[in-house]
J.: 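Please see the structure below; I have some questions.
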There are 2 protein chains.
Amino acid sequence: MCMNDSGHKTISINDLLKKNGQKITPARLSILNIFIKNKIPLCALDIYKELLKDKKINNINEVTVYRNLSSLEKSGIIKIVNLRRDAVYFEMNNDHHHHIVCTNCGLIEDFKENKNIEKLLEQIAEKSTKFKNIKEHSLELFGTCKVCS
Amino acid sequence: MCMNDSGHKTISINDLLKKNGQKITPARLSILNIFIKNKIPLCALDIYKELLKDKKINNINEVTVYRNLSSLEKSGIIKIVNLRRDAVYFEMNNDHHHHIVCTNCGLIEDFKENKNIEKLLEQIAEKSTKFKNIKEHSLELFGTCKVCS
DNA sequence: TTGAATGCAAATCGTTTGCATCTCA
DNA sequence: TGAGATGCAAACGATTTGCATTCAA
């Protein structure tokens, strides 16, 4: 058990993996550490480059990165973020928030979702005639940042 | 000028292309007709298969489909839809709505966005410290439909 | 007439798969 | 010990590019 920046209790990476039914392997630990250190969405290549940079880490194959991203996503530890880029981006699935994305330079600003929006989305989900379980949503804003405008 | 299903005035495809600075070519007309006929998001391969089926249409190369989807999207006639699938999906950009997507069978249900949500999103945009122009947003719900649940 | 659109072949990019080997639990 | 994880090479699917030719305006 340790503390994060804001002083909240957080579980260790080991426990996080165990809790979600994932074996603890060096690759998995390294990848999760990169997500925790870099607080922005990352794609497979981003992760792979970070792994190469860190000389304390034995080289991890790019394919292993893809496989781990897949298993971490399926187990719910990380989630996919829609940034309208060519590659698939992921981030930790521990803090519900959304993004404003600059379509010119790629800058990302986070925003916390308003509780009112969540309620409205729930209402929409209830009204649906064809769906029973609506579990997730994507909500991202796109535009140009102050520098690019 | 012609009428659509709901009796609203709609401009012809020719005018739509002209208005958005696109040359009128057989490929472009055929592709737009497919979007208008099928009222669901379509990817390049979907379009290409539809073109092959229709024997009134001279075969159009798959690459031409990609190039046209790109130019139609850049000119604002069609827009990209985030369905969390591998290929890029597009639909006509004339009727602002969002989607509920079944992550199991791919079923898509449309929903009109609540005006309250739009207001809340505008507030979020105004609060942003790093962005000046926020023009678009993605908002899709994901879950399982009644059949798959 | 001219810049844009097309077709074809080939290349590219992100991602996945098969298979032998290794490792965590 | 056995299921899952890894590395390597190869395959794959979606999309893009180069280039010569054709076409819309």
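This structure is a prediction, so every number in the text was calculated from the model and none was measured.
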J.: Using a strict cut-off of less than 4.0 Å between a Lys/Arg side-chain nitrogen and an Asp/Glu carboxylate oxygen, indicate whether Lys53(B) and Glu50(B) qualify as a salt bridge.
T.: yes

J.: Do you know the tightest heavy-atom contact between Phe35(A) and Met92(A)?
T.: CB-SD, 3.7 Å

J.: Can you measure Lys74(B) atom NZ to dT16(D) atom C1' for me and round it to whole angstrom units?
T.: 11 Å

J.: Using the benzene-type ring in the case of Trp, are the ring centres of His137(B) and His98(B) under 6.0 Å apart?
T.: yes

J.: Look at Tyr66(A) and dT15(C) and indicate whether a side-chain polar atom (N or O) is within less than 4.0 Å of OP1 or OP2.
T.: yes

J.: Check this for me: does any side-chain nitrogen of one of Glu136(A) and Arg84(B) sit under 4.0 Å from a carboxylate oxygen of the other?
T.: yes

J.: Output the rounded distance in Å from CD1 (Ile31(A)) to P (dA5(D)).
T.: 12 Å

J.: If I take atom CG from residue Asp110(A) and atom CD from residue Glu113(A), how far apart are they, to the nearest 0.5 angstrom?
T.: 13.0 Å

J.: May I have the distance from Leu72(A) (atom CG) to dT6(D) (atom P), rounded to whole angstrom?
T.: 10 Å

J.: Using a heavy-atom distance cut-off of less than 4.0 Å, which residues of residues 75-91 of chain B contact DNA chain D?
T.: Ala87(B), Val88(B)

J.: Distance from Glu118(A) atom CD to Gln123(A) atom CD, nearest 0.5 Å?
T.: 12.5 Å

J.: Without decimals, in angstroms, what is the distance between Leu29(A) CG and dT23(C) P?
T.: 16 Å

J.: Does a side-chain N-to-carboxylate-O contact under 4.0 Å join Lys112(A) and Asp95(A)?
T.: yes

J.: Roughly, in whole Å, what's the span from CG in Leu42(B) to P in dA14(D)?
T.: 15 Å

J.: Can a salt bridge be assigned to the pair Glu122(B) and Lys127(B) using a cut-off of 4.0 Å between side-chain N and carboxylate O?
T.: no

J.: Assign a letter to each nucleotide of nucleotides 3-9 of chain C from its 5' end: B, base within under 4.0 Å of a protein heavy atom; S, sugar-phosphate only; -, no contact.
T.: BSSBBBB

J.: Map Lys18(B) and Leu45(B) onto DNA chain D by nearest heavy atom, then report which one ends up closer to the 5' terminus.
T.: Leu45(B)

